[in-house]
Student: 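This is the structure, below, for whatever I ask next.
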Amino acid sequence: MRELPAVDRLLREPVLQELAEIMPRRIIVAAAQKTVESYRLSLQQAAAEGGLPGSIDLSPSRLASEAAQEAQKRARPSLGPVINASGTVLHTNLGRAPLAAEAAEAIRSVSEGYSNLEYDLESGQRGSRQAHLEELLCELSGAEAAVVVNNNAAAVFLVLNTIAAGKEVVVSRGELVEIGGSFRIPEVMSASGARLVEVGTTNKTYLRDYEAALNEQTAALLKVHTSNYHIIGFTAAVEAGELASLGHSANIPVIADLGSGVFLDLSRYNLPPEPRVQDAVAAGMDLVTFSGDKLLGGPQAGIIVGRRELVGRIRRNQLARALRVDKFTVASLEATLRLYLDEDTAVQRIPVWRMLTAGGEELQRRASALADRLKQVCGSAGIDVIPGSSRVGGGALPTAELPTFLVALDPPLISPPALAQRLRQGRPPVIVRLHQERLLIDPRTILPEQEEQLIEALARAVRG
Ligand SMILES: *Cc1c(COP(=O)(O)O)cnc(C)c1O
(Lines give C-alpha, C1' and ligand atoms only; values in the text may rest on other atoms or scores of the structure.)
Protein backbone atom coordinates (compact mmCIF):
# COMPACT_ATOMS: atom_id res chain seq x y z
CA MET A 1 0.00 0.00 0.00
CA ARG A 2 2.89 2.31 0.83
CA GLU A 3 4.31 1.75 -2.65
CA LEU A 4 1.11 2.90 -4.28
CA PRO A 5 1.90 6.29 -5.87
CA ALA A 6 -0.13 9.32 -4.79
CA VAL A 7 -2.44 11.07 -7.24
CA ASP A 8 -0.13 14.13 -7.30
CA ARG A 9 2.77 11.92 -8.24
CA LEU A 10 0.82 10.45 -11.17
CA LEU A 11 -0.15 13.90 -12.41
CA ARG A 12 3.56 14.77 -12.83
CA GLU A 13 4.06 11.87 -15.26
CA PRO A 14 4.71 13.11 -18.85
CA VAL A 15 1.77 11.20 -20.38
CA LEU A 16 -0.68 13.00 -18.11
CA GLN A 17 1.13 16.35 -18.46
CA GLU A 18 0.72 16.07 -22.23
CA LEU A 19 -2.97 15.25 -21.94
CA ALA A 20 -3.49 18.41 -19.87
CA GLU A 21 -2.80 20.40 -23.04
CA ILE A 22 -5.80 18.93 -24.84
CA MET A 23 -8.44 18.31 -22.18
CA PRO A 24 -9.70 19.90 -18.95
CA ARG A 25 -7.40 19.17 -16.01
CA ARG A 26 -10.30 18.02 -13.85
CA ILE A 27 -10.91 15.06 -16.19
CA ILE A 28 -7.29 13.96 -15.75
CA VAL A 29 -7.40 14.42 -11.97
CA ALA A 30 -10.58 12.37 -11.74
CA ALA A 31 -9.08 9.63 -13.92
CA ALA A 32 -5.88 9.52 -11.80
CA GLN A 33 -7.96 9.34 -8.60
CA LYS A 34 -10.03 6.51 -10.03
CA THR A 35 -6.94 4.56 -11.11
CA VAL A 36 -5.21 4.88 -7.70
CA GLU A 37 -8.45 4.00 -5.94
CA SER A 38 -9.03 0.89 -8.01
CA TYR A 39 -5.46 -0.31 -7.29
CA ARG A 40 -6.02 0.37 -3.58
CA LEU A 41 -9.19 -1.71 -3.62
CA SER A 42 -7.63 -4.64 -5.42
CA LEU A 43 -4.63 -4.64 -3.07
CA GLN A 44 -6.98 -4.61 -0.07
CA GLN A 45 -9.07 -7.38 -1.55
CA ALA A 46 -6.03 -9.51 -2.37
CA ALA A 47 -4.70 -9.01 1.19
CA ALA A 48 -8.07 -9.95 2.69
CA GLU A 49 -8.12 -13.10 0.61
CA GLY A 50 -4.70 -13.94 2.00
CA GLY A 51 -2.63 -13.75 -1.14
CA LEU A 52 -0.93 -10.68 -2.56
CA PRO A 53 0.22 -11.31 -6.10
CA GLY A 54 3.96 -11.98 -6.21
CA SER A 55 4.83 -9.13 -8.51
CA ILE A 56 2.58 -6.24 -9.28
CA ASP A 57 3.73 -3.16 -11.16
CA LEU A 58 2.93 -0.11 -9.05
CA SER A 59 5.24 2.27 -10.89
CA PRO A 60 3.91 5.80 -11.46
CA SER A 61 4.43 5.41 -15.22
CA ARG A 62 2.31 2.24 -15.31
CA LEU A 63 -0.55 3.78 -13.33
CA ALA A 64 -0.28 7.04 -15.27
CA SER A 65 -0.71 5.24 -18.56
CA GLU A 66 -3.83 3.52 -17.22
CA ALA A 67 -5.11 6.88 -15.97
CA ALA A 68 -4.43 8.37 -19.40
CA GLN A 69 -6.63 5.73 -21.04
CA GLU A 70 -9.37 6.40 -18.52
CA ALA A 71 -9.08 10.17 -19.09
CA GLN A 72 -9.34 9.72 -22.84
CA LYS A 73 -12.47 7.66 -22.37
CA ARG A 74 -13.98 10.34 -20.13
CA ALA A 75 -13.10 13.16 -22.53
CA ARG A 76 -15.10 11.55 -25.35
CA PRO A 77 -18.77 12.52 -25.67
CA SER A 78 -21.01 9.89 -24.15
CA LEU A 79 -23.79 10.21 -26.72
CA GLY A 80 -22.78 9.86 -30.34
CA PRO A 81 -23.68 8.33 -33.69
CA VAL A 82 -23.59 4.55 -34.23
CA ILE A 83 -23.94 2.45 -37.37
CA ASN A 84 -27.04 0.28 -37.14
CA ALA A 85 -26.26 -2.88 -39.11
CA SER A 86 -28.83 -4.92 -37.14
CA GLY A 87 -31.68 -4.55 -39.63
CA THR A 88 -34.12 -3.31 -36.98
CA VAL A 89 -35.43 -0.10 -38.52
CA LEU A 90 -36.98 1.57 -35.44
CA HIS A 91 -34.47 0.50 -32.81
CA THR A 92 -35.59 2.27 -29.63
CA ASN A 93 -32.19 1.80 -27.99
CA LEU A 94 -30.51 3.34 -31.04
CA GLY A 95 -32.65 6.48 -31.02
CA ARG A 96 -35.62 5.20 -33.07
CA ALA A 97 -36.11 7.08 -36.33
CA PRO A 98 -33.12 8.55 -38.17
CA LEU A 99 -34.26 11.96 -39.41
CA ALA A 100 -34.65 13.11 -42.99
CA ALA A 101 -31.95 15.53 -44.14
CA GLU A 102 -34.63 18.25 -44.27
CA ALA A 103 -35.49 17.65 -40.59
CA ALA A 104 -31.84 17.65 -39.48
CA GLU A 105 -31.25 20.87 -41.41
CA ALA A 106 -34.30 22.45 -39.76
CA ILE A 107 -32.82 21.70 -36.33
CA ARG A 108 -29.52 23.25 -37.33
CA SER A 109 -31.21 26.34 -38.72
CA VAL A 110 -32.92 27.22 -35.42
CA SER A 111 -30.16 26.09 -33.08
CA GLU A 112 -27.39 28.56 -33.75
CA GLY A 113 -29.39 31.72 -33.44
CA TYR A 114 -32.81 33.11 -32.59
CA SER A 115 -36.05 31.92 -34.18
CA ASN A 116 -39.72 32.89 -34.33
CA LEU A 117 -40.58 29.97 -32.03
CA GLU A 118 -43.26 31.93 -30.14
CA TYR A 119 -43.31 35.15 -32.07
CA ASP A 120 -45.93 36.10 -34.63
CA LEU A 121 -43.96 37.85 -37.36
CA GLU A 122 -47.08 39.46 -38.85
CA SER A 123 -48.40 41.15 -35.72
CA GLY A 124 -45.12 41.45 -33.85
CA GLN A 125 -46.92 39.90 -30.88
CA ARG A 126 -46.38 36.77 -28.89
CA GLY A 127 -47.22 33.64 -30.90
CA SER A 128 -47.57 29.90 -30.20
CA ARG A 129 -44.95 27.24 -30.84
CA GLN A 130 -47.83 24.95 -31.80
CA ALA A 131 -48.75 27.25 -34.69
CA HIS A 132 -45.83 25.91 -36.74
CA LEU A 133 -47.32 22.41 -36.61
CA GLU A 134 -51.07 22.69 -36.22
CA GLU A 135 -52.04 23.64 -39.76
CA LEU A 136 -49.92 20.86 -41.27
CA LEU A 137 -51.30 18.28 -38.85
CA CYS A 138 -54.88 19.34 -39.59
CA GLU A 139 -54.20 19.25 -43.33
CA LEU A 140 -52.72 15.74 -43.15
CA SER A 141 -55.19 14.25 -40.67
CA GLY A 142 -58.43 16.07 -41.46
CA ALA A 143 -58.77 17.03 -37.78
CA GLU A 144 -59.93 20.45 -36.53
CA ALA A 145 -57.03 21.06 -34.14
CA ALA A 146 -53.72 19.65 -32.97
CA VAL A 147 -51.21 19.94 -30.15
CA VAL A 148 -47.78 18.33 -29.83
CA VAL A 149 -46.11 17.21 -26.58
CA ASN A 150 -42.96 15.38 -25.49
CA ASN A 151 -43.90 11.84 -26.60
CA ASN A 152 -46.95 9.68 -27.12
CA ALA A 153 -46.88 8.47 -23.51
CA ALA A 154 -47.21 12.13 -22.48
CA ALA A 155 -49.96 12.64 -25.06
CA VAL A 156 -52.06 9.77 -23.67
CA PHE A 157 -51.41 10.91 -20.10
CA LEU A 158 -52.34 14.54 -20.85
CA VAL A 159 -55.50 13.59 -22.74
CA LEU A 160 -56.69 11.35 -19.90
CA ASN A 161 -55.76 13.86 -17.22
CA THR A 162 -57.58 16.65 -19.04
CA ILE A 163 -60.84 14.94 -19.86
CA ALA A 164 -61.12 12.09 -17.36
CA ALA A 165 -59.34 12.88 -14.05
CA GLY A 166 -61.56 11.62 -11.22
CA LYS A 167 -63.82 9.83 -13.70
CA GLU A 168 -64.02 6.56 -15.59
CA VAL A 169 -62.45 5.55 -18.90
CA VAL A 170 -63.63 2.38 -20.63
CA VAL A 171 -61.01 0.16 -22.33
CA SER A 172 -61.20 -3.33 -23.85
CA ARG A 173 -59.28 -6.05 -21.98
CA GLY A 174 -57.68 -6.95 -25.31
CA GLU A 175 -56.05 -3.51 -25.49
CA LEU A 176 -54.36 -3.08 -22.08
CA VAL A 177 -50.96 -2.79 -23.71
CA GLU A 178 -47.48 -2.48 -22.32
CA ILE A 179 -44.92 -0.75 -24.54
CA GLY A 180 -41.22 -0.97 -23.76
CA GLY A 181 -41.76 -1.84 -20.11
CA SER A 182 -42.52 1.64 -18.83
CA PHE A 183 -45.72 2.54 -20.66
CA ARG A 184 -48.67 0.44 -19.48
CA ILE A 185 -52.24 1.54 -20.03
CA PRO A 186 -53.44 0.70 -16.48
CA GLU A 187 -50.49 2.59 -14.90
CA VAL A 188 -50.77 5.62 -17.18
CA MET A 189 -54.47 5.69 -16.46
CA SER A 190 -54.01 5.74 -12.70
CA ALA A 191 -51.20 8.30 -12.88
CA SER A 192 -53.52 10.57 -14.88
CA GLY A 193 -56.17 10.38 -12.16
CA ALA A 194 -58.64 8.53 -14.38
CA ARG A 195 -60.24 5.24 -13.31
CA LEU A 196 -59.83 2.33 -15.69
CA VAL A 197 -62.96 0.32 -16.44
CA GLU A 198 -62.04 -2.89 -18.24
CA VAL A 199 -64.61 -4.48 -20.53
CA GLY A 200 -64.77 -7.64 -22.64
CA THR A 201 -62.13 -10.34 -22.59
CA THR A 202 -58.59 -10.68 -23.87
CA ASN A 203 -59.68 -12.07 -27.24
CA LYS A 204 -63.24 -10.80 -27.70
CA THR A 205 -64.83 -7.48 -26.89
CA TYR A 206 -68.20 -6.41 -28.34
CA LEU A 207 -69.94 -3.06 -28.61
CA ARG A 208 -72.47 -4.20 -26.00
CA ASP A 209 -69.59 -4.60 -23.50
CA TYR A 210 -68.76 -0.91 -23.84
CA GLU A 211 -72.45 0.01 -23.75
CA ALA A 212 -73.02 -1.87 -20.50
CA ALA A 213 -70.15 0.00 -18.81
CA LEU A 214 -71.52 3.50 -19.49
CA ASN A 215 -72.80 5.57 -16.55
CA GLU A 216 -72.68 9.16 -15.24
CA GLN A 217 -69.06 8.65 -14.20
CA THR A 218 -67.91 7.72 -17.73
CA ALA A 219 -65.64 10.45 -19.12
CA ALA A 220 -64.29 8.68 -22.23
CA LEU A 221 -64.04 5.53 -24.30
CA LEU A 222 -60.45 4.66 -25.18
CA LYS A 223 -59.32 2.49 -28.07
CA VAL A 224 -55.65 1.49 -27.89
CA HIS A 225 -53.89 0.12 -30.94
CA THR A 226 -52.20 -3.17 -30.04
CA SER A 227 -49.09 -1.96 -31.78
CA ASN A 228 -46.56 -4.50 -30.50
CA TYR A 229 -48.65 -7.69 -30.46
CA HIS A 230 -51.46 -9.42 -32.32
CA ILE A 231 -54.24 -11.51 -30.91
CA ILE A 232 -55.10 -14.21 -33.42
CA GLY A 233 -57.62 -17.05 -33.50
CA PHE A 234 -61.13 -16.39 -32.20
CA THR A 235 -61.12 -12.67 -31.84
CA ALA A 236 -63.54 -9.78 -31.91
CA ALA A 237 -62.81 -6.10 -31.48
CA VAL A 238 -64.98 -3.06 -32.02
CA GLU A 239 -64.20 -0.95 -35.09
CA ALA A 240 -63.25 2.69 -34.56
CA GLY A 241 -66.39 3.88 -36.37
CA GLU A 242 -68.76 1.81 -34.24
CA LEU A 243 -67.12 2.96 -31.02
CA ALA A 244 -67.26 6.58 -32.17
CA SER A 245 -70.99 6.26 -32.91
CA LEU A 246 -71.62 4.82 -29.47
CA GLY A 247 -69.66 7.65 -27.84
CA HIS A 248 -71.45 10.31 -29.85
CA SER A 249 -74.92 8.97 -29.07
CA ALA A 250 -74.02 8.98 -25.35
CA ASN A 251 -72.22 12.34 -25.64
CA ILE A 252 -68.94 10.83 -24.40
CA PRO A 253 -65.59 11.58 -26.13
CA VAL A 254 -63.88 8.68 -27.85
CA ILE A 255 -60.07 8.59 -27.86
CA ALA A 256 -57.75 6.52 -30.04
CA ASP A 257 -54.14 5.85 -29.06
CA LEU A 258 -52.67 4.73 -32.38
CA GLY A 259 -49.08 4.22 -31.20
CA SER A 260 -47.32 4.74 -34.51
CA GLY A 261 -48.39 7.70 -36.59
CA VAL A 262 -49.07 6.44 -40.09
CA PHE A 263 -50.34 8.66 -42.89
CA LEU A 264 -49.43 6.27 -45.72
CA ASP A 265 -51.41 3.30 -47.01
CA LEU A 266 -49.10 0.44 -46.03
CA SER A 267 -50.76 -2.09 -48.34
CA ARG A 268 -49.18 -0.17 -51.24
CA TYR A 269 -45.79 -1.23 -49.86
CA ASN A 270 -46.56 -4.86 -49.04
CA LEU A 271 -46.62 -4.13 -45.33
CA PRO A 272 -49.28 -5.35 -42.87
CA PRO A 273 -52.12 -2.85 -42.39
CA GLU A 274 -51.80 -0.17 -39.67
CA PRO A 275 -54.61 2.21 -38.72
CA ARG A 276 -53.94 5.56 -40.39
CA VAL A 277 -54.36 8.82 -38.55
CA GLN A 278 -56.73 10.29 -41.15
CA ASP A 279 -58.90 7.13 -41.03
CA ALA A 280 -59.24 7.35 -37.23
CA VAL A 281 -60.29 11.00 -37.56
CA ALA A 282 -62.70 10.20 -40.39
CA ALA A 283 -64.17 7.34 -38.33
CA GLY A 284 -65.24 9.96 -35.79
CA MET A 285 -62.60 9.62 -33.09
CA ASP A 286 -62.69 12.83 -31.02
CA LEU A 287 -59.01 12.69 -30.05
CA VAL A 288 -56.23 10.69 -31.70
CA THR A 289 -52.72 10.36 -30.29
CA PHE A 290 -49.56 8.97 -31.91
CA SER A 291 -45.75 9.06 -31.77
CA GLY A 292 -43.48 11.30 -33.81
CA ASP A 293 -40.55 8.88 -33.96
CA LYS A 294 -42.12 5.53 -34.81
CA LEU A 295 -43.50 4.96 -38.31
CA LEU A 296 -43.88 8.71 -38.80
CA GLY A 297 -40.09 8.81 -39.03
CA GLY A 298 -39.63 12.14 -37.27
CA PRO A 299 -38.32 13.34 -33.89
CA GLN A 300 -39.53 12.09 -30.51
CA ALA A 301 -42.92 13.70 -29.98
CA GLY A 302 -46.49 12.91 -28.99
CA ILE A 303 -49.07 14.27 -31.39
CA ILE A 304 -52.69 14.86 -30.43
CA VAL A 305 -55.22 15.71 -33.13
CA GLY A 306 -58.97 16.05 -32.76
CA ARG A 307 -61.91 18.29 -31.95
CA ARG A 308 -61.09 21.94 -31.37
CA GLU A 309 -62.89 22.24 -28.05
CA LEU A 310 -61.12 19.19 -26.56
CA VAL A 311 -57.69 20.19 -27.90
CA GLY A 312 -58.23 23.65 -26.41
CA ARG A 313 -58.86 22.12 -22.99
CA ILE A 314 -55.71 20.00 -23.34
CA ARG A 315 -53.63 23.08 -24.18
CA ARG A 316 -54.94 24.91 -21.13
CA ASN A 317 -54.02 22.03 -18.79
CA GLN A 318 -51.18 23.22 -16.50
CA LEU A 319 -49.32 19.99 -17.28
CA ALA A 320 -49.15 20.86 -20.99
CA ARG A 321 -46.39 23.30 -20.10
CA ALA A 322 -44.42 20.59 -18.32
CA LEU A 323 -44.77 18.26 -21.30
CA ARG A 324 -44.18 20.79 -24.06
CA VAL A 325 -41.79 20.29 -26.96
CA ASP A 326 -38.64 22.33 -27.55
CA LYS A 327 -37.72 24.24 -30.69
CA PHE A 328 -35.64 21.39 -32.11
CA THR A 329 -38.65 19.11 -32.04
CA VAL A 330 -40.91 21.76 -33.55
CA ALA A 331 -38.39 22.43 -36.33
CA SER A 332 -37.73 18.81 -37.24
CA LEU A 333 -41.35 17.71 -36.90
CA GLU A 334 -42.51 20.55 -39.14
CA ALA A 335 -39.93 19.58 -41.77
CA THR A 336 -40.93 15.90 -41.55
CA LEU A 337 -44.66 16.68 -41.83
CA ARG A 338 -44.03 18.87 -44.88
CA LEU A 339 -42.55 15.86 -46.64
CA TYR A 340 -45.85 14.02 -46.14
CA LEU A 341 -47.70 16.64 -48.23
CA ASP A 342 -46.56 14.52 -51.18
CA GLU A 343 -46.63 10.77 -50.55
CA ASP A 344 -43.84 9.87 -53.00
CA THR A 345 -41.61 12.55 -51.50
CA ALA A 346 -42.26 11.19 -48.01
CA VAL A 347 -41.29 7.66 -49.04
CA GLN A 348 -38.15 8.85 -50.82
CA ARG A 349 -36.94 11.41 -48.28
CA ILE A 350 -37.81 9.92 -44.87
CA PRO A 351 -35.15 7.33 -43.96
CA VAL A 352 -37.60 5.05 -42.11
CA TRP A 353 -39.73 4.79 -45.27
CA ARG A 354 -36.76 4.41 -47.56
CA MET A 355 -35.63 1.51 -45.36
CA LEU A 356 -39.05 -0.11 -44.99
CA THR A 357 -39.75 0.03 -48.72
CA ALA A 358 -36.29 -0.98 -49.93
CA GLY A 359 -36.74 -3.76 -52.54
CA GLY A 360 -35.16 -7.21 -52.58
CA GLU A 361 -33.08 -6.43 -55.65
CA GLU A 362 -31.65 -3.26 -54.13
CA LEU A 363 -30.85 -5.01 -50.83
CA GLN A 364 -29.21 -7.93 -52.64
CA ARG A 365 -27.11 -5.53 -54.70
CA ARG A 366 -26.03 -3.62 -51.59
CA ALA A 367 -25.27 -6.81 -49.64
CA SER A 368 -23.19 -8.20 -52.55
CA ALA A 369 -21.27 -4.94 -52.97
CA LEU A 370 -20.59 -4.87 -49.23
CA ALA A 371 -19.48 -8.52 -49.26
CA ASP A 372 -17.10 -7.88 -52.20
CA ARG A 373 -15.47 -4.96 -50.41
CA LEU A 374 -15.20 -6.92 -47.17
CA LYS A 375 -13.52 -9.83 -48.95
CA GLN A 376 -10.82 -7.38 -50.05
CA VAL A 377 -10.18 -5.92 -46.60
CA CYS A 378 -11.05 -8.71 -44.14
CA GLY A 379 -8.44 -11.23 -45.21
CA SER A 380 -9.34 -14.78 -44.32
CA ALA A 381 -12.82 -14.17 -42.88
CA GLY A 382 -15.56 -16.30 -44.44
CA ILE A 383 -18.03 -13.96 -46.11
CA ASP A 384 -21.36 -14.93 -47.71
CA VAL A 385 -24.54 -13.23 -48.81
CA ILE A 386 -27.61 -15.04 -47.50
CA PRO A 387 -31.36 -14.33 -47.53
CA GLY A 388 -32.91 -13.29 -44.22
CA SER A 389 -35.39 -10.84 -42.79
CA SER A 390 -35.30 -7.41 -41.16
CA ARG A 391 -37.60 -6.17 -38.40
CA VAL A 392 -39.58 -2.96 -38.10
CA GLY A 393 -38.97 -2.64 -34.34
CA GLY A 394 -40.01 0.21 -32.05
CA GLY A 395 -43.18 -1.65 -31.05
CA ALA A 396 -44.62 -1.35 -34.56
CA LEU A 397 -45.77 -3.96 -37.10
CA PRO A 398 -44.69 -6.83 -34.79
CA THR A 399 -45.45 -9.59 -37.30
CA ALA A 400 -43.89 -7.96 -40.35
CA GLU A 401 -40.96 -9.95 -41.70
CA LEU A 402 -39.19 -7.82 -44.26
CA PRO A 403 -37.24 -10.03 -46.67
CA THR A 404 -33.66 -8.88 -46.96
CA PHE A 405 -30.16 -10.05 -47.88
CA LEU A 406 -27.53 -10.30 -45.15
CA VAL A 407 -23.79 -10.38 -45.21
CA ALA A 408 -22.75 -13.30 -42.96
CA LEU A 409 -19.26 -13.08 -41.54
CA ASP A 410 -17.21 -15.93 -40.03
CA PRO A 411 -14.12 -14.25 -38.61
CA PRO A 412 -10.89 -16.20 -38.24
CA LEU A 413 -9.24 -16.30 -34.77
CA ILE A 414 -12.08 -14.61 -32.91
CA SER A 415 -15.63 -15.67 -32.03
CA PRO A 416 -18.54 -13.75 -33.58
CA PRO A 417 -19.72 -12.46 -30.16
CA ALA A 418 -16.21 -11.20 -29.38
CA LEU A 419 -16.05 -9.49 -32.77
CA ALA A 420 -19.48 -7.95 -32.17
CA GLN A 421 -18.19 -6.52 -28.90
CA ARG A 422 -15.09 -5.14 -30.59
CA LEU A 423 -17.35 -3.48 -33.19
CA ARG A 424 -19.51 -1.93 -30.46
CA GLN A 425 -16.45 -0.43 -28.84
CA GLY A 426 -14.99 0.97 -32.05
CA ARG A 427 -15.41 4.48 -33.33
CA PRO A 428 -17.99 4.80 -34.68
CA PRO A 429 -19.60 1.87 -32.88
CA VAL A 430 -21.22 -0.70 -35.18
CA ILE A 431 -24.25 -2.68 -33.96
CA VAL A 432 -24.64 -6.04 -35.71
CA ARG A 433 -26.87 -9.09 -35.36
CA LEU A 434 -25.69 -12.48 -34.07
CA HIS A 435 -27.48 -15.61 -35.15
CA GLN A 436 -26.39 -19.23 -34.90
CA GLU A 437 -22.70 -18.50 -34.42
CA ARG A 438 -22.59 -16.02 -37.26
CA LEU A 439 -22.23 -12.31 -37.37
CA LEU A 440 -24.86 -10.79 -39.67
CA ILE A 441 -24.92 -7.40 -41.32
CA ASP A 442 -28.21 -6.13 -42.77
CA PRO A 443 -27.78 -3.40 -45.39
CA ARG A 444 -31.38 -2.22 -44.90
CA THR A 445 -30.58 -0.02 -41.88
CA ILE A 446 -27.12 1.14 -42.97
CA LEU A 447 -27.26 4.70 -44.26
CA PRO A 448 -25.53 4.82 -47.67
CA GLU A 449 -23.14 7.51 -46.43
CA GLN A 450 -22.02 5.18 -43.61
CA GLU A 451 -20.94 2.31 -45.87
CA GLU A 452 -17.28 3.34 -46.13
CA GLN A 453 -17.02 3.86 -42.37
CA LEU A 454 -18.60 0.44 -41.82
CA ILE A 455 -16.10 -1.30 -44.09
CA GLU A 456 -13.19 0.41 -42.33
CA ALA A 457 -14.60 -0.47 -38.91
CA LEU A 458 -15.03 -4.12 -39.88
CA ALA A 459 -11.55 -4.31 -41.38
CA ARG A 460 -10.04 -2.87 -38.18
CA ALA A 461 -12.08 -5.14 -35.90
CA VAL A 462 -11.28 -8.33 -37.84
CA ARG A 463 -7.57 -7.50 -37.82
CA GLY A 464 -7.80 -6.89 -34.05
C1 LIG B 1 -45.33 3.44 -28.54
C2 LIG B 1 -46.67 3.58 -27.96
C3 LIG B 1 -46.89 4.48 -26.92
C4 LIG B 1 -45.79 5.31 -26.33
O5 LIG B 1 -45.30 6.20 -27.30
P6 LIG B 1 -43.90 6.96 -27.05
O7 LIG B 1 -43.85 7.96 -28.17
O8 LIG B 1 -42.85 5.92 -27.12
O9 LIG B 1 -43.99 7.60 -25.72
C10 LIG B 1 -48.17 4.59 -26.43
N11 LIG B 1 -49.17 3.83 -26.91
C12 LIG B 1 -48.98 2.94 -27.91
C13 LIG B 1 -50.14 2.12 -28.40
C14 LIG B 1 -47.73 2.79 -28.48
O15 LIG B 1 -47.53 1.91 -29.47
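Order of listing sets the numbers, starting from 1, for every ligand and every atom in it. Values below: every heavy atom of this structure, side chains too, minus hydrogens, waters and symmetry copies.
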Student: For Arg391 and Ala400, work out which heavy atoms get closest and say how close.
Tutor: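 Reported closest heavy-atom pair: NH1-O, 4.2 Å.
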
Student: Residues in side-chain hydrogen bond (donor to acceptor under 3.5 Å, both in side chains) with Asn228, at least two apart?
Tutor: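 Scan of Asn228 (side-chain hydrogen bond (donor to acceptor under 3.5 Å, both in side chains), adjacent residues dropped) gives none.
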
Student: Show the protein residues that qualify under the rule heavy atom under 4.0 Å from an atom of ligand 1, listing them in chain and number order.
Tutor: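 Ligand 1 pocket, heavy atoms under 4.0 Å: Arg96, Asn151, Asn152, Ala153, Ile179, Phe183, Val224, His225, Ser227, Asp257, Gly259, Ser291, Lys294.
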
Student: List the residues meeting salt bridge (Lys or Arg N to Asp or Glu O under 4.0 Å) with Arg129, not counting sequence neighbours, and say none if there are none.
Tutor: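 Glu118.
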
Student: Asp342: which residues meet the salt bridge (Lys or Arg N to Asp or Glu O under 4.0 Å) condition with it, sequence neighbours left out?
Tutor: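 Residues passing salt bridge (Lys or Arg N to Asp or Glu O under 4.0 Å) with Asp342: none at all.
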
Student: Between Asp265 and Ser267, is there a side-chain heavy-atom distance shorter than 4.5 Å?
Tutor: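 Result yes, sub-4.5 Å side-chain heavy-atom pair found.
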
Student: Check the orientation of Phe263 and Phe290. Use parallel for under 30°, tilted for 30 to 60°, and perpendicular for over 60°.
Tutor: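 The arrangement is perpendicular - the two ring planes meet at more than 60°.
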
